[in-house]
Amino acid sequence: MIRIPKPALALLSLFSIASAAPLAICPGYRVTNAQSGPSYLVADLTLAGTNCNLYSEDITNLRLTVEYQTDTRLHVLIADREQNVYQIQDNILPRPLSQNASSQTADLRFTYEAYPFSFKVTRVSTGDVLFDTSPSPLIFETQYLRLRTRLPSNPNLYGLGEHSDSFRLATNGYKRTLWNSEAPYIPQNQNLYGSHPVYFEHRGGNGTGGTHGVFLRSAAGMDVVIGKSDAGEQYLEYNTIGGVLDFYFLAGPGPEEVSKQYAEVVGLPAMMPYWSLGFHQCKYGWPDLGHVKQVVQNYSDAGIPLEALWDDIDYMDNKLDFSTDLVRYPHDQLKGFVDELHGKDMRYVQILDPGIRYKSDYGPYTRGAEKDVFLKAADGSWYRGLQWPGEVVWPDWIAPQTKEWWTTEILTFYDPNNGINADGLWVDMNEASNMCADTTCLSSAQKTRSLPQSLIGKIHPRAPGDGQQKTRSLPQSLIGKIHPRAPGDGQQKTRSLPQSPIGKIHPRAPGNGQHLGLPNRDLFTPKYQIANHYPTLSSRTLFTNITNSDGSTQYDTHNLYALTMSSVSRSALISRSPTKRPFLLTRSTFSGSSRFAAHWFGDNFSSWADYRASIRQLLSFSAIHNYPMVGSDVCGFNGQAQENMCARWAVLGAWQPFYRNHADISAPDQEFYRWPSVAAAARKAISVRYRLLDYIYTGLYYASKTGEPALAKPLWFLFPSDPATYGIDTQFFLGDALLVSPVMEDDAHSVTFYLPQGKWYDFFTHHRIDQTSAGTVIVSGVGYDQIPVYIRGGSILALRLSDASFTTEQAMTTAEVRTRNFEIIIAPDQNGKAKGRLYLDDGESLDSSGKESEIEFTWDGSKFEAKGTFGYDTEGVVVQRIVLLDDGVSGNGQREVSGRWPLTGGFTTNLYIQDG
């Protein structure tokens, strides 16, 4: 939510890849003392010649560990022999347990060359070499690691998020920088809010190569470069500023199998409450509670279902966490408003930022200080910076006592009886984002001019530029020099301010084999500079020389700050409601963050370009990064939403898992009811979405159970042998059954999309398309309230009867949706068969064991059957209608049979005999 001038985003784009000449002098390593067993190999790696010291000091002695953990997962770890180099703590990202598979039966095989050391990972079943480091020597220095692997020409690579680039990554001169950062306008070819150092490579289906995954378990800042050598050889190269080389190779061979294997490594996504699939509305800049109430009423008057109302930092007293504005959002009135929402089966969500106001009469600060929960500067004082309330300190989420403190603050402020009984929380600014521009901010004992208190919390240091709507901003000369503490405000005076840049060289580190970080490193300006879109590692974030409670430093753990905040916040929400699934949304992420929180794609722009980018981001997170509950700010966060674009986005957003309209304080109001055409589009889109809620919810369940990408997925996941699908990022499957092909061009009424071979049915009209050969389809006359969606032949859908076409009024809340009966849609494939599934539970219990239903539907050409487990009491909800679509083969046309089939046990019916 901070604003940074757009030119600043491009200040640094260093392509600091070592040139061939310096690299050629690096000796690499030699293998000695190799030992192996049925499921492992260990060896020493010793520097094979004169130190290279390209960007820092070579580490002479390394240790190689290879584990055949399962038949489809290979673990390769290259670390310092003394185990002092930082590795991600197991309590932050638990390692998967090894099943000690046999190297003789595993589908991945590790081989190596002893001098200079290099290794290959080969798929045994096909002989394909998946990873080959022989092109160049391994470099392992204290602050620079380099490893290059050979790739096939023009490979199909996906992942390495977070980014807004094409879903299939470019293959020449392309760089992905991983360093979590405030990223207004989600710029392409730059590092964004999260880091996910995993990629999938797809080499075709039907035994022609398959799909595999490579996960580097490292939180280090890094550049991953995809390019071609001077000789034209394709490569992917890791350049990191620390950490170890901790690889997990995932065999697949199918893309969905790789997704599940990756989830086994980083953890299964959290199951979300049913209500979170409803439509959400938020805006930064709502003036007061009266306005918020009017927003809710306006949605009701417009007949647009609104599930959850969100409050941004406007509700806070001077932007302080755990507070309410005494005038604009009085506590008792806000509490009563939330109770009113609950009385209408609606929900309420609030934002929290990690920055805690540095103020001696502010309870969360004083209680945190007493428990020693805040990060410290190099001189031992609280590390301070700037966020919305002004001068702040930041929690050390790694410290054990921080969990107790944060939980207590949440339990107190969100007490269901006496506090704000919010249904979920939203953690923002947790990259962490710091309004200090550099290391001179708040780091000098010199007195600096204080800003008027009226400005604190209204700082917009990023001006859009390029013709975009301007926001109120401070002069750029002041940014990074703000000292908002006015004399005599009663704040703590005893701790001196650290001189800058104290602690640039980090002399102290735990050592003793705890792999928490090496001493004597330059933690501010390492010689190898990753292509961070800000000038330095510490620009607009926490200083990288800060030491965490366990002795690790932010230099090594920066990318984990949001992950640890999400973990502690989810735990606090469970303490608040031990039997209910918490809902938590986070802006910044790392691999494994989906265990704790949903994610939205950050501060996008109200443009057709970002409308299109939302699909690419959806595919990357849902299919590759093990993150099913994601979505964009519909209609865009920054800038002025244009009516036609907002209508299209309202419709597209309804087909993505997380569905929220949100805008900045500088943007005009853009609630769906503001334009008649957008209101009409939203009513129709939400009506369709609410019919599909159980289909989406079923996908969420299986994603949380097995790690499968059961929601959004690219076409090539389902058509892995069709090369035409490999680069498509303007369409997506919702589950396995529904192909969504939105209008892509600005203000257009037609769309050209790819339709693979097979039998397809228009979701809205049930019209059949027999696609005898794959190819493009053009659909014209697509209104702003329409979107082409096709049911894949062979699918069965369970839909709620919840729109007017079935003589039932539109359900206005998800609670009302859950009272509606089901309609079953059978869409036979070319063989006249179909299948589907449905998961049912109470929608909110943290543990639904024994009280859930997992139902499988099948159609064999004449008989429909429902079978499975039936532990959930549907309280009278039944299947009311079964519709068999015309497959063009049986000659019977479309069949509809009405009845009352309970979902408390299995049943069968012959649709050609209307037995009711």
Side-chain angles (χ1 to χ4, degrees), residues 14-31 45 47-49 52-56 58-59 62 64 66 74 76-79 110-122 128-141 143-160 169-178 197-201 203 212-218 220-249 527-531:
L14 298 179
F15 203 86
S16 46
I17 305 305
S19 64
L23 287 173
I25 68 172
C26 295
Y29 288 80
R30 185 189 303 272
V31 176
L45 303 179
L47 197 67
C52 185
N53 295 343
L54 192 63
Y55 291 102
S56 53
D58 285 300
I59 296 179
L62 306 178
L64 169 68
V66 179
L74 176 71
V76 177
L77 172 63
I78 302 172
F110 178 91
T111 57
Y112 69 91
E113 295 292 331
Y115 173 71
F117 167 70
S118 66
F119 70 89
K120 294 180 182 179
V121 176
T122 304
D128 279 3
V129 177
L130 307 184
F131 204 84
D132 177 4
T133 71
S134 62
S136 58
L138 165 66
I139 298 175
F140 202 119
E141 300 176 352
Q143 292 191 261
Y144 178 66
L145 280 68
R146 177 184 181 272
L147 188 72
R148 176 179 289 194
T149 178
R150 181 184 285 122
L151 290 174
S153 180
N154 298 316
N156 300 300
L157 298 171
Y158 311 85
L160 299 175
L169 303 178
T171 58
N172 195 16
Y174 180 69
K175 179 189 293 185
R176 285 291 311 118
T177 299
L178 303 187
V198 59
Y199 73 83
F200 288 16
E201 184 190 350
R203 300 188 180 182
H212 67 276
V214 179
F215 172 51
L216 175 58
R217 187 181 182 273
S218 171
M222 69 180 75
D223 292 327
V224 183
V225 181
I226 304 170
K228 294 181 180 179
S229 67
D230 292 341
E233 185 175 78
Q234 189 80 56
Y235 67 84
L236 182 146
E237 179 179 283
Y238 296 94
N239 297 266
T240 82
I241 59 172
V244 299
L245 297 171
D246 192 354
F247 286 105
Y248 287 86
F249 295 94
K527 290 183 179 179
Y528 179 85
Q529 297 180 55
I530 61 172

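A quick note: this is a predicted structure, and the numbers were derived from the prediction, not measured.
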Are any non-hydrogen side-chain atoms of [X] and [Y] less than 4.5 angstrom apart?
| X | Y | result |
| --- | --- | --- |
| V225 | Y235 | yes |
| T111 | V121 | no |
| T122 | D128 | no |

remark   = Distance col, row D58:CG vs C26:SG, nearest 0.5 angstrom, shows 6.5 Å

remark   = Smallest heavy-atom separation, E201 atom then P155 atom, equals OE2-CB, 4.0 Å

query = What's the shortest heavy-atom distance between A79 and V244, and which atoms?
reply = CB-CG1, 3.8 Å

Under the side chain to side chain donor-acceptor pair (under 3.5 Å) rule, collect the residues that match up with [X], sequence neighbours excluded.
| X | answer |
| --- | --- |
| R150 | D132, S134, E233 |
| S136 | R146 |
| T177 | D223 |

request  = Please test I530 against L178 for side-chain contact (heavy atoms from CB on, under 4.5 Å), starting from the C-alpha separation and ending with a verdict.
outcome  = CA-CA 9 Å; I530 61 172; L178 303 187; over 6 Å; no

query = Can you name the side-chain contact (heavy atoms from CB on, under 4.5 Å) partners of N172, sequence neighbours left out?
reply = K228

query = Residues two or more places apart in sequence or in another chain: which of them pass side-chain contact (heavy atoms from CB on, under 4.5 Å) with A114?
reply = V31, Y112

request  = Taking the six-membered ring for Trp and the full ring for Phe, Tyr or His, determine whether the centres of F249 and F247 are under 6.0 Å apart.
outcome  = yes

query = Are Y55 and Y144 close enough that their ring centres sit under 6.0 Å apart?
reply = yes

message = Show, in sequence, the C-alpha distance, side-chain angles and deciding distance for F131 and F119, and conclude whether the ring-ring contact (aromatic ring centres under 6.0 Å, His included) test is met.
response = CA-CA 8 Å; F131 204 84; F119 70 89; 5.7 Å; yes

inquiry  = Can you list everything that forms a ring pair (Phe, Tyr, Trp, His ring centres under 6.0 Å) with F140? Sequence neighbours excluded, please.
reply    = none

query = Between S56 and E141, is any side-chain donor less than 3.5 angstrom from a side-chain acceptor?
reply = yes

